[in-house]
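One structure is given here, and the rest of the page talks about it.
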Amino acid sequence: MSLDQTIRIERWTPLSRAAILIAALVLVLLAAGPLLFSNNAIDKLTTLFIYVMLAVCWNALAGYGGLVSVGQQAFFGLGAYAAVRLADAGLSVYPALVIAAVLVAIVSLPISAFMLRLKGGEFAIGMWVVAALCHLLVNLDSLVQGETGTSLIALNAYEADTRHALTYWVALGSMTAILAILFALLRSRVGSAIQAIRDNEEAAASVGVRVMSTKRIIFVFAAFGAALAGALWLATAITFQPKTYFGVQWTAYMIFMVLVGGLGTFEGAILGAVIFFVIEAWFGASGVWYLVGLGATALVFALFLPRGLWGWLERRYDLALLPLGYRVTIGGQPPSRERTPQGGPAAPAPTGNAG
Amino acid sequence: MNEASNQPIVTVSGLEKRFRALVVLDQIDFSMRADEAVGIVGPNGAGKTTFLSVLVGAHAPTSGTITFAGEDVTHLPAAERSRRGIIRTHQIPRPFGGMTVFENVFVAAANGGNFAREEAYERASESLRLCGMFHLANRRAETLGLLDRKRLELARALGTNPKLLLLDEIGGGLTDGEANELVGTIRELRHRGIAIVWIEHIVHILLQIADRLICMDAGRIIADGDPETVMKTPAVVEAYLGGSVE
């Protein structure tokens, strides 16, 4: 039997390379947004970027890490609050948005120390309690004055067009950074370790995965992403009222986007954010029926497409635009019984492609 | 036999494990060399699986010490013990269902084995080939049947480059042909210098590998030595087989 026994571990496909190229071109086009679009369109796109950040970060936590949280609004609210505080202390407003998210990530470290000891439903509800506590503590701040709230008045220093454009660019840059960092993280050995923990924590520990430190990485990252989204939301809304930012509806939106797009798929969370954005744009003014529609959509997906839209496409067509896993080939073909290397103590050394 | 293989790879002293008032392991003393394959038999509830769980760090002992390759590992968590070379397979396989077969073994090689990426690729491929699973490398683990899940448990354990491999009833549910195939694989592991502790109820396949046999009952070791002698020990016959065998 003539057989090319060159084992390769492939991480990219021609399709995924094309997808990355197209994504890069779209980002370049989007970067020119303020020069091409109206302020209204810029604001809407800024909102979409924030939704994408929220969706991919919640998906990282729940879809890849198995840590289903209903309290991510804690970090969303803290991000906005920290930005208000930093701006009030005299820090330039746009750097303050990013620094606020870094501070919240630091705060999430001690929170992770006790929250990550909880499992399943206890973790989910525990995070909600954390969010409620953060809300109450922020209300005590004299600057915020309870539910009266305050404003990011430092933004008034910018002329309206400039403000819209700057907020847009910071949101676009933040979303791009979040996506790039998360993609790299999930493709690294941390990514495979966190998925192993999701599937079976005890078995993961038994093969050498440092469970707590790995979970902490994804927890802190998700906190950072939610905080950055919260700070950016503040930059679009300008006003800060605690109940608006610490409301559980934010996590409900995250869950909706990820469930509809595809839990545990990188592309799915982005798709879910786009779907949510479109639904909101078209039906958001319909009052209570909008919420009924959202609930019904989530229900339909849970019943008939439990893996979400992208999850279904991925399984049905073996589609991966942004692949995170490892695909083994021998001589360019998937392995089979005929294409399994035989004999000798060692298989031919495999080689990886770009990572 | 070289000098290193004369040294005990693992030594257990006065090991006790209680779950509230229930004593599951009762003052276990045990030692084995790096070149040994030790079989463990005993009735259900004897404490065999708990013994393995305490050895790998899944359960903390109530008292006693565990020394591995000269280091006291009694209080090390499971992940750190795995990184030092102690690994187990589970009686009921625990695959990482959402990952492929290759990724299951890769994660073991990259973490427990401490291999760099290219080495981990190589290690994972080799482990899969050795366990006859290479052709399933791209299959999602949740789609595997029982036999392949058991093979995956073994391949994943091998991915960590173990020094001491603890097998928990890995032969259960296999046909004679499959069991013989498994024995061949485990024999190959012995040739590679991996110390083996194997809990198994299918004694005839266990005896093809074990050069030393232990019988446990009620949390204690009641016999330890040459397999043939142990199987004829009256206490073993009474505890394990429920009476004398004519």
Side-chain angles (χ1 to χ4, degrees), chain A residues 5 7-11 63-64 66 188-214 263-265 307 315 318 324-330 334-353 355, chain B residues 53 56-58 77-84 86-90 93-114 117-122 124-130 132-138 140-142 153 156-157 159-160 188 191-192:
Chain A
Q5 291 200 334
I7 300 173
R8 285 183 65 82
I9 311 301
E10 296 187 347
R11 306 208 65 196
Y64 288 100
S188 73
R189 65 172 60 197
V190 172
S192 52
I194 193 73
Q195 291 175 72
I197 293 169
R198 171 199 65 194
D199 289 348
N200 195 310
E201 189 169 316
E202 195 181 325
S206 80
V207 296
V209 173
R210 288 172 174 144
V211 171
M212 198 54 84
S213 57
T214 307
L263 183 69
T265 63
R307 294 184 192 283
R315 296 281 170 108
D318 196 22
L324 302 176
Y326 304 76
R327 188 171 291 264
V328 181
T329 62
I330 300 182
S336 64
R337 282 193 189 279
E338 294 73 32
R339 270 188 236 107
T340 295
Q342 300 292 327
T351 54
N353 78 337
Chain B
S53 297
V56 298
E80 300 310 319
R81 292 192 209 190
S82 169
R83 286 165 182 254
R84 282 162 173 75
I86 309 176
I87 189 79
R88 76 176 292 183
T89 65
H90 296 91
R94 298 177 181 185
F96 305 132
M99 303 169 76
T100 67
V101 165
F102 178 83
E103 288 161 1
N104 265 260
V105 186
F106 172 77
V107 78
N111 290 276
N114 278 318
R117 189 172 54 206
E118 295 292 332
E119 290 173 324
Y121 289 164
E122 192 172 341
S125 300
E126 163 67 355
S127 302
L128 288 174
R129 189 193 65 78
L130 196 62
M133 293 202 77
F134 193 84
H135 62 289
L136 299 172
N138 295 331
R140 214 174 262 262
E142 66 192 0
E153 279 280 315
R156 208 168 57 185
T160 64
E188 168 71 20
H191 288 318
R192 294 177 182 215

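Letters go in sequence order (proteins before strands), and every chain restarts at 1.
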- Any donor and acceptor pair, going by atom type alone, linking the side chain of B:N138 with main-chain N or O of A:V328 inside 3.5 Å? yes
- Task: Between chain A and each of B:R84, B:R156, B:H90, B:R140, count heavy-atom pairs under 4.5 Å; write down the option with the most.
- Result: B:R140
- Message: Can you give me the closest heavy-atom contact between A:V209 and B:V107, atom names plus distance?
- Response: CG2-CG2, 4.3 Å
- Using the ring of each side chain (for Trp, its six-membered ring), is A:Y326 parallel, tilted or perpendicular to B:Y121, with breaks at 30° and 60°? perpendicular
- Query: Of all heavy-atom pairs between A:S206 and B:I87, which one has the smallest distance, and what is that distance?
  - Reply: O-CD1, 2.8 Å
- Part of B:E142 lying under 4.5 Å from any heavy atom of chain A: side chain
- For A:I9 and B:F106, run side-chain contact (heavy atoms from CB on, under 4.5 Å): C-alpha distance rounded to whole Å, both residues' side-chain angles, the deciding distance at 0.1 Å, then the answer. CA-CA 11 Å; A:I9 311 301; B:F106 172 77; over 6 Å; no
- Message: Using heavy-atom distances under 4.5 Å, tell me whether B:E80 contacts chain A through its side chain, its backbone, both, or neither.
- Response: side chain
- Message: Restricting to non-hydrogen atoms, name the atom on A:G208 and the atom on B:S82 that form the minimum distance, rounded to 0.1 Å.
- Response: N-OG, 3.2 Å
- Which of A:V207, A:N200, A:D199 passes side-chain contact (heavy atoms from CB on, under 4.5 Å) with B:R94? It is A:N200
- Query: Which atoms form the tightest heavy-atom contact between A:A196 and B:M99, and what is the distance?
  - Reply: N-SD, 3.7 Å
- Could you have a look at B:G113, B:A110, B:G159 and say which one has the most heavy-atom pairs with chain A under 4.5 angstrom? B:A110
- Query: Taking every heavy-atom pair that is under 4.5 Å apart, which of A:R189, A:R210, A:R198, A:R327 has the most such pairs with chain B?
  - Reply: A:R210
